[in-house]
Amino acid sequence: MISIRQVSKWYGSFQVLTECTTEIQKGEVIVVCGPSGSGKSTLIKCVNGLEPFQAGEIMLDGTSVGDAKTNLSKLRARVGMVFQHFELFPHMRIIDNLTLAQIRVLGRASEEARDKGLKLLERVGLKAHAEKFPGELSGGQQQRVAIARALCMDPIAMLFDEPTSALDPEMINEVLDVMVELASEGMTMMCVTHEMGFARKVAHRVIFMDQGRIVEDAAKDDFFGKPRSERAQLFLSKIL
Ligand code: ADP
Ligand code: MG
C-alpha cells in the first residue's frame, strides 16, 4: 500500500531525512517512534505529499507521490491524516466539519455526506454532539471527531502523527481505543506515537528513527524483545 524507497530530504543544507526505506502492506499497522527531532513528522508528511522530498520515491497504492504529474490533492483525499492538534474548523459545527470535504472534494450530495458523518460519529461515540462546535468538546472528543472526519473520506490508509500527545492523560485511552478498533478492522495505519502499550497491542512492525534515518524496522516482538541498535535500546529504556 505504501512504499518508501531511499527517501532523502533537506531543509536548505540540513539533511532531515537520509535514505529512508520501508514498506507497509495493506492492513498492516506500523508504529514509528524515536527521539524528538528525528524526522518522524517529516517522513509521515512526505507520504501524503504535504512535504516535498528531493531524493528517492514514495508510492501510495501504485501512485508516485513525488511525481510532478501526480494530482496531490486527489491523492491526499484518499489518505486520512490525524495530527497532534486536532485542526477541526472551530467556526463550524461538528457535523459540518465532517461533511465539508465529502461534499467539496468527493462531490457527495449533502444528504449522503451527512448520513456518512453521523454514522462515523456514532462509531466514535459522539453522535449526540453532532450539532456542537469543536470548542464545546474535550480534547479527546475533538481528536475522535478528527478521526471520524478522516474516515468519512473512505481512506485507503490512515496516518497519525502523535495523536494523543497533546491530550490530558485521562483522554488518551478513548482515542487509542478508536485506533485499536480501526486496526482490528484491517485499516492500513502508519502511526507516529510513543504509546508503547498501543504498539504492543496492535502494531505489526515498529520503526525507530534517529537523526533522519530509519535505524530499526522490526517485527513488534523483535523490537520489544531486543532492539538491535543501542540508540533504540536506550530510547525504550527511558519510555517503558
Ligand atoms: P520529529 O517529528 O521526529 O520530532 P520533525 O520531522 O518534526 O521531527 O523534525 C526533524 C528535524 O527537522 C528537526 O531537527 C526539525 O527542527 C527540522 N525541521 C522540521 N521542520 C522544519 C522546517 N520547516 N524548516 C527547517 N527545519 C525543519
Ligand atoms: Mg513530530
Side-chain angles (χ1 to χ4, degrees), residues 2-24 29-58 60 65-66 72 75-76 79-88 139-140 142-143 146-147 150 157-169 171-172 175-176 178-179 188-199 202-203 205-218 220 223-224 227-240:
I2 303 172
S3 152
I4 301 171
R5 251 174 273 150
Q6 296 286 321
V7 168
S8 295
K9 174 178 173 64
W10 288 261
Y11 284 120
S13 61
F14 172 66
Q15 186 161 10
V16 56
L17 296 176
T18 305
E19 294 171 10
C20 292
T21 298
T22 192
E23 271 190 18
I24 302 174
V29 178
I30 305 297
V31 160
V32 182
C33 60
S36 175
S38 57
K40 307 179 296 296
S41 295
T42 303
L43 183 64
I44 209 167
K45 283 186 200 147
C46 286
V47 169
N48 73 344
L50 281 177
E51 281 284 354
F53 48 94
Q54 287 80 36
E57 186 178 51
I58 298 179
L60 239 176
V65 178
L72 277 183
L75 189 75
R76 251 178 240 141
V79 181
M81 176 105 198
V82 175
F83 300 93
Q84 184 172 355
H85 299 284
F86 337 117
E87 307 195 14
L88 299 174
Q142 289 187 55
Q143 194 61 300
I147 295 172
M158 289 283 288
L159 310 176
F160 293 87
D161 191 1
E162 302 205 33
T164 60
S165 55
L167 298 175
D168 291 335
M171 294 173 189
I172 290 175
V175 172
L176 291 178
V178 171
M179 292 170 64
T188 307
M189 295 164 63
M190 183 170 180
C191 315
V192 177
T193 182
H194 291 152
E195 293 293 336
M196 291 298 135
F198 170 80
V202 301
R205 280 189 291 126
V206 179
I207 286 174
F208 178 79
M209 292 186 70
D210 191 29
Q211 297 183 5
R213 292 174 188 271
I214 294 178
V215 296
E216 197 110 19
D217 183 349
K220 171 183 63 181
F223 183 78
F224 287 113
R228 278 182 297 126
S229 67
E230 227 169 82
R231 193 69 192 80
Q233 286 173 21
L234 184 68
F235 178 79
L236 271 181
S237 71
K238 279 187 189 151
I239 63 167
L240 287 180

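What you are looking at is a predicted structure, and each value in this text was computed from that prediction instead of being measured. Note that ligands are numbered from 1 as they come in the structure, with each ligand's atoms numbered from 1 the same way. Values reported hereafter were calculated over all heavy atoms of this structure, with side chains retained and with hydrogens, waters and symmetry mates removed. We number each residue from 1, following the sequence as shown.
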Answer whether the closest heavy-atom distance between the side chains of M189 and V202 falls below 4.5 Å.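 With C-beta onward as the side chain, the pair stays apart.
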Would a 4.5 Å heavy-atom cut-off, applied to side chains only, mark L50 and R76 as touching? yes
Looking at atom 13 (C) of ligand 1, would you say a protein heavy atom lies below 4.0 Å from it?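 When distances to the protein are checked, atom 13 (C) of ligand 1 has a heavy atom within 4.0 Å.
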Is atom 16 (O) of ligand 1 less than 4.0 angstrom from some protein heavy atom? no
Determine, using heavy atoms of G39 and all atoms of ligand 1, whether some pair is separated by less than 4.0 Å. yes
Could you establish whether P35 and ligand 1 come within less than 4.0 Å of each other, counting only heavy atoms on the residue side?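 Yes, P35 has a heavy atom closer than 4.0 Å to ligand 1.
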Cation-pi, F235 ring and K238 (6.0 angstrom, 45 degrees):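 Checked: cation-pi criterion not met.
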Nearest protein heavy atom with distance in Å, relative to [atom]:
{"atom": "atom 3 (O) of ligand 1", "answer": "K40 NZ, 2.8 Å"}
{"atom": "atom 5 (P) of ligand 1", "answer": "T42 OG1, 3.6 Å"}
{"atom": "atom 4 (O) of ligand 1", "answer": "G37 N, 2.7 Å"}

For W10, is there any backbone N or O sitting under 3.5 Å from a side-chain donor or acceptor partner on Q54? yes
Tell me if a side-chain donor or acceptor on E216 pairs with a main-chain N or O of F223 at a distance below 3.5 Å. no
To the nearest 0.5 Å, what is the distance between NE2 (H85) and CD (Q143)? 10.0 Å
From atom 7 (O) of ligand 1, work out which of G12, S41, S36 has a heavy atom at the shortest distance.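 Among G12, S41, S36, the closest heavy atom to atom 7 (O) of ligand 1 belongs to S41.
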Can you figure out which of Y11, W10, F14 has its heavy atom closest to atom 20 (N) of ligand 1?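 Nearest heavy atom to atom 20 (N) of ligand 1 lies in Y11.
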Does a salt bridge link D217 with R205, judged by any charged N lying under 4.0 Å from a carboxylate O?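 Yes, D217 and R205 are salt-bridged.
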Any N/O/S atom from S41 (main chain or side chain) under 2.8 Å of the Mg ion (ligand 2)?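 It does: S41 brings an N, O or S atom closer than 2.8 Å to the Mg ion (ligand 2).
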With heavy atoms of S38 as the reference, note each atom of ligand 1 found under 4.0 Å away. 1 (P), 3 (O), 8 (O)
How far apart are the closest heavy atoms of A150 and V82, and which atoms are they? CB-CG2, 4.4 Å
Report yes if some N/O of V16 lies less than 3.5 Å from some N/O of ligand 1; otherwise report no. no
